[in-house]
Amino acid sequence: MGPEALTERSDRVAAALKLHRTAGRRRAARFLAEGPNLVEAALRRGLVSDVLVTESARARFAELLADVPLHVITDKAAKALSDTVTPVGLVAVCRVPEVELADVLQAGPRLVLIAVETSEPGNAGTLIRIADAMGADAVVLAGDSVDPYNGKCLRASAGSIFALPVLEAPELPALMAALRQAGLTILATGLDGELPLPEADLTAPTAWMFGSEAHGLSHDVASHADARVRIPMRGGAESLNVAAAAAICLYQSALAQQLG
């Protein structure tokens with residue numbers, strides 16, 4: 001490693017280190033994407049403002065980084081920047097996409113996933129990945145939910161966070177009002193839902209609400225939906241985790257709307 005490599009004490013690396021914290025990301029409107037898959041997806045989206053890479057990673061990912069301005073960093077700096085057990089030595093500083101709910105709704109969405117009070121970043125990222133796979137037009141993290149640009153959420157999304165609009169909406173009543181005004185039917189999921197999924201009319205534009213893994217949707221939140229839907233289960237399991245429920249419901253919507 002040459003003497004030009006940046007250490008963890010250099011200004012550029014120190015500024016990037018602050019992006020490990022939600023407050024730092026919000027203040028700078030930047031986040032870190034680590035590893036070749038996320039960096040490639042961020043580059044395609046045009047969000048990358050800086051690339052920090054070790055000498056060995058630059059050689060390893062030479063094709064990906066062929067036309068990308070970058071800064072070589074030490075292995076120690078790469079370890080500090082990483083939030084994984086085995087750092088690969090490739091981190092991009094990215095701009096947070098500017099996405100407004102009004103713009104999403106103006107485009108006439110037909111399928112939206114709303115994750116309510118989702119505090120676990122792995123679950124949030126998985127829901128974003130499912131929404132992307134099923135052709136959804138947007139994901140909204142509603143209420144007190146995790147920052148979608150958390151490193152674990154980014155990895156769980158497998159790059160899908162760069163493929164569709166992902167928004168935050170702290171005020172759920174205002175979100176629901178805006179969705180209804182845009183012509184979407186709001187469906188809540190739950191074990192006590194009065195409408196079996198096979199009987200739900202999913203041909204219209206639909207916003208699906210899913211609760212947290214631990215608590216599901218509160219009765220108060222679910223009662224404000226246009227209908228509460230349950231997934232009939234023939235086996236002995238009492239419930240499904242949120243990712244499985246979301247995959248089933250969005251797949252049914254995709255079929256009904258002929259998105260798939």
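The shortest side-chain heavy-atom distance between Ser119 and Ser212 does not fall under the 4.5 Å cut-off. By the 4.5 Å heavy-atom criterion applied to side chains, Ile231 and Cys249 are counted as neighbours. Proximity of Val104 to Val99: side-chain heavy atoms (C-beta onward) are separated by under 4.5 Å at one or more points. Counting heavy atoms from C-beta outward, Leu127 and Val139 have side chains that stay 4.5 Å or more apart. Residues Val96 and Tyr149 form a side-chain contact, since some pair of their non-hydrogen atoms from C-beta on lies under 4.5 Å apart. Side-chain contact between Leu217 and Val116 is present, with at least one heavy-atom pair separated by less than 4.5 Å. Two residues are said to be in side-chain contact when any heavy atoms from C-beta on lie closer than 4.5 Å; Glu55 and Thr74 fail this criterion. Side chains of His71 and Val51 form no contact here, defined as non-hydrogen atoms less than 4.5 Å apart.
Of the possible donor and acceptor atoms, one in the side chain of Ser223 sits under 3.5 Å from a partner among the backbone N and O of His219. Remark: the backbone N or O of Asn123 is paired with a side-chain donor or acceptor of Glu120 at under 3.5 angstrom. Ser82 contributes no side-chain N or O that, together with a main-chain N or O of Ala78, makes up a donor-acceptor pair within less than 3.5 Å. With hydrogens and angles disregarded, no donor-acceptor distance shorter than 3.5 Å links the side chain of Arg155 to the backbone of Gly125.
Here the CG atom belonging to Asp144 is positioned 10.5 Å from the CD atom belonging to Glu168, to the nearest 0.5 angstrom. Between the CG atom in Leu179 and the OG1 atom in Thr206 there is a gap of 11.0 Å [rounded to 0.5 Å]. Taken from CD in Glu117 to OG in Ser145, the straight-line distance is 6.0 Å, to the nearest 0.5 Å. Residue Ile186 holds its CD1 atom at 5.5 Å from CG of Asp226, rounded to the nearest 0.5 Å. In this structure, CG on Leu43 lies 7.5 Å from CG on Leu65, to the nearest 0.5 angstrom. Note that CG of Leu111 and CD of Gln257 are 5.5 Å apart. Values are rounded to the nearest 0.5 Å.
Here the shortest heavy-atom pairing between Pro121 and Ala156 reads O-CB, 4.4 Å. Considering all non-hydrogen atoms of both residues, Thr203 and Ala256 come closest at CG2-O, 4.0 Å. Across all non-hydrogen atoms, the minimal contact from Ile161 to Pro148 is CD1-O, 3.2 Å. What you find for Val88 and Phe61 is that their closest heavy atoms are O-CE1, 4.3 Å. Heavy atoms only, all atoms of each residue included: Leu38 and Glu34 are closest at CD1-O, 3.6 Å. Leu187 and Ala225 make their closest contact through C-CB, 4.3 Å (heavy atoms, listed as atom of the first residue, atom of the second, distance).
The cluster map of Ile, Leu, Val, Met, Phe, Trp and Tyr, joined by side-chain heavy atoms under 4.5 Å apart, puts Val221 and Leu184 in the same cluster. Linking Ile, Leu, Val, Met, Phe, Trp and Tyr whenever their side-chain heavy atoms come within less than 4.5 Å leaves Val140 and Val242 in two separate clusters. Under a hydrophobic-cluster definition in which Ile, Leu, Val, Met, Phe, Trp and Tyr are linked whenever side-chain heavy atoms come within less than 4.5 Å, directly or via other members, Met209 and Leu113 are assigned to different clusters. Linking Ile, Leu, Val, Met, Phe, Trp and Tyr residues whenever their side-chain heavy atoms come within less than 4.5 Å leaves Leu105 and Val166 in two separate clusters.
Heavy-atom neighbours of Glu238 CD from other residues, nucleotides or ligands within 6.0 Å: at or below the threshold of 12. Counted within 6.0 Å of CG on Asp192, heavy atoms from surrounding residues, nucleotides or ligands total more than 12; the atom is thus considered enclosed. Residue Arg129 qualifies as open at atom CZ: its count of foreign heavy atoms under 6.0 Å is 12 or below. For CZ of Arg9, the number of neighbouring non-hydrogen atoms (other residues, nucleotides, ligands) closer than 6.0 Å is 12 at most.
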message: As a quick check of understanding, evaluate side-chain contact (heavy atoms from CB on, under 4.5 Å) for Ile128 and Leu164, giving each step before the final call.
response: CA-CA 9 Å; Ile128 291 167; Leu164 78 170; 4.0 Å; yes
- request: Before giving the answer on side-chain contact (heavy atoms from CB on, under 4.5 Å), spell out for Leu19 and Val93 the whole-Å C-alpha distance, their side-chain angles and the decisive distance to 0.1 Å.
  value: CA-CA 9 Å; Leu19 303 180; Val93 177; 3.9 Å; yes
message: Checking Arg30 against Ser49 for the side-chain contact (heavy atoms from CB on, under 4.5 Å) test, could you report, in this order, the C-alpha distance in whole Å, the side-chain angles of both residues, the deciding distance, and whether it holds?
response: CA-CA 9 Å; Arg30 297 286 189 277; Ser49 58; 3.6 Å; yes
- request: Check step by step if side-chain contact (heavy atoms from CB on, under 4.5 Å) holds for Arg12 and Leu52.
  value: CA-CA 9 Å; Arg12 193 176 295 273; Leu52 305 171; 3.9 Å; yes
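Under 3.5 Å, the side chains of Trp208 and Thr189 contain no donor-acceptor pair of N or O atoms. Between the side chains of Arg25 and Thr22, at least one donor N or O sits under 3.5 Å from an acceptor N or O. Checking Ser218 against Asp220 by side-chain atom types alone, no donor-acceptor pair falls below 3.5 Å.
Taking the salt bridge (charged side-chain N to carboxylate O under 4.0 Å, His left out) definition, one finds that Lys18 meets it with nothing, sequence neighbours left out.
Each of Met233, Arg230, Arg228 was compared with Leu191 under the side-chain contact (heavy atoms from CB on, under 4.5 Å) criterion, and only Met233 meets it. Exactly one of Ile114, Leu141, Leu101, Val112 qualifies for a side-chain contact (heavy atoms from CB on, under 4.5 Å) with Leu167. That residue is Leu101.
Looking at Asp83 and Lys152, no side-chain N of the basic residue comes within less than 4.0 Å of a carboxylate O on the acidic one, giving no salt bridge. With respect to Asp137 and Arg110, no salt bridge is recorded, no charged nitrogen being found less than 4.0 Å from a carboxylate O.
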